[in-house]
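The sequence lines fix the lettering, A, B, ..., with proteins before strands; numbering per chain opens at 1. For clarity, every value in this text was computed on a predicted model and none was experimentally measured.
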Amino acid sequence: MIVVVALLIGIFFSLSMESRQAWIGPLMRPMMTLMNPAPKDLNFATNRKTENGLFNVSFTSNPSPTPLNQIHTWTLHVETPDGKLVENAKISVDGGMPQHGHGLPTSPQVTQYLGSGNYRVEGMKFQMNGWWEVKFVINNGNSQDRVVFNLTL
Amino acid sequence: MKKMGLWILGLGLVMVVAVSITSVIGKQSVAWTADEIKLIQSLSLRALAPLAQYPSNKYAQDEQAAKLGKRLFFDTRFSKDGTIACATCHVPALGFQDARALGLGASIGTRRTMPIAGTAYSPWLFWDGRKDSQWSQALGPLENPVEHGGARTQYVQLLEKHYKPDYEAIFGVLPDFSDPKRFLSIAGPVEDRAANAAWQGMKEGDRELVTKAFVNMGKAIAAYERQIVLMPSRFDDYVDSLSLANQTNKNLTDLEIAGLRLFIGKANCVQCHNGPLLTNNEFHNTGVPMPASKVKDDGRASAILAVKQDEFNCLSKYSDATSNDCAELRFIQSDTHLLERAFKVPSLRNVASRAPYMHAGQLQTLAEVLQHYSYAPVAPSGHSEIKALHLNVKEREALIAFLTALDAPIIAPE
Ligand SMILES: [Cu+2]
């Protein structure tokens, strides 16, 4: 009896490394297919308060949803928390993929104040699927604040 | 002793049960999830948008221009010694490349010849993207000393001699370039000193006439290149009949499907090789080793300034685009540090049938390519963006099988 069982165990461990991986592989599969899922608690809102609460900022992508591998524009809307439009602010853009450790493939810029608190952001581009951060630093002449949007492509 | 025997028996039983369970799971796990199917569909050739306007080239869709462009593409008279045409290196029977590690024209180059199909979709041309349109790209090899090796006055004079009516039917009057005093036979802003001096010696207005006709040659060649198109592969057929409900189609073998699973999953090739052409057309440093020649090549880093200053870029007076159409150039990523030794991601369509690989043909086979991705060596300069995947033999086999299923004919105008 003991001999039979020991044989069974022996057979298992004598299998080549590869076929053992094949046994275990399927159990790991769900983990593998979604390599690097974004952290669970990310806020994907397109409308956010800046870090120090100075501005409420929202964006729309044109086209929407945000396309892959296509250079396009965003419109950024900036207000104060009490709903006043923020006009002619200086705004800079930055971003990247935190999990890949790289930035944007382009260097987008705010090229025009469109009125009504709206700004035109040109040169937006995302060349990979996954979690992206896009950061705007907004300076209205008196004070400056920063907002980070999360998006997944 | 008896107790121990029971323990081992129990253990054995547990193992038998575990094995049978995993083999059942193994079978079921072949099914794709809805998200995976969406991602797979985004790689299908059917997801490729039809070619639209090409703002910088208003002749891009012109049938006559494509016909002229095709003749220019194959005409060896357009070279220094009359032996080199685009088709010398971009050989139609080889999928418009030459199966060599380094391009060979008037002399040997430092990079591998790239295939042409699909490049109408790329905002950047060449391994380093130093050109931003197909038409401006085409003008590069003509004046490159190691490729066609000629100069633009020579070319427009050949145009006048052999193609005048064809040219004029598309672009209007071709100026008279026959006066040898005004138009020296070999003059252009090229490396060759004599040709360059001859060019500088010409009148500004005459240079302009020459350059305009030269540019139109590029626009005609680009119109032809747009008609060199990829056909659906077995992979695309597989995607066509794939849905959440029906996953049993036989267009791909189990091994190829396993390769596809790795490609979009654990190996994450789809990070850069994405979209219907399996490229994001951007630039990445993947730590490809130095070629045997040890020629230094910093790739995209040096090309940024070159394309910004290119006399034929999207914003130039020879472009038909408005500045709104030139967003890629206007908002170009200019951080040369980040882009040190970054090269354009190649399309993987037909990749199995066009060894060798990488920008200077450093790797001979797909097996070597997968070896590279498995170990992710340190980059010769800059920083490699890839991490070692440690792919085992079976996984490499599967990925190669999948890449082979991307083979398909290329169609070009007769
Ligand atoms: Cu990334």
Which answer fits B/Ser122, side chain, backbone, both or neither, if we ask what part of it has an atom under 4.5 Å from a heavy atom of chain A?
neither

Tell me whether the rings of B/His383 and B/His337 are parallel (<30°), tilted (30 to 60°) or perpendicular (>60°).
perpendicular

Using non-hydrogen atoms and a 4.5 Å limit, figure out which bit of B/Leu262 sits close to chain A: side chain, backbone, both or neither.
neither

Between the main-chain N or O of A/Asn118 and the side-chain N or O of A/Ser116, is there a donor-acceptor pair closer than 3.5 Å?
no

What option among A/Ser107, A/Gly101, A/Pro105 has the most heavy-atom pairs under 4.5 Å with chain B?
A/Ser107

Check the angle between the aromatic planes of A/Trp74 and A/Phe126 and answer parallel, tilted or perpendicular using the 30° and 60° thresholds.
tilted

Could you check whether the rings of A/Tyr113 and A/Tyr119 sit parallel, tilted or perpendicular, using 30° and 60° as the cut-offs?
tilted

Checking heavy atoms, do the side chain of B/Glu328, its backbone, both or neither come under 4.5 Å from chain A?
both

A/Thr111 portion near chain B, given a 4.5 angstrom heavy-atom threshold
side chain

Restricting to side-chain contact (heavy atoms from CB on, under 4.5 Å), what partner residues turn up for B/Ala47, sequence neighbours left out?
B/Pro276

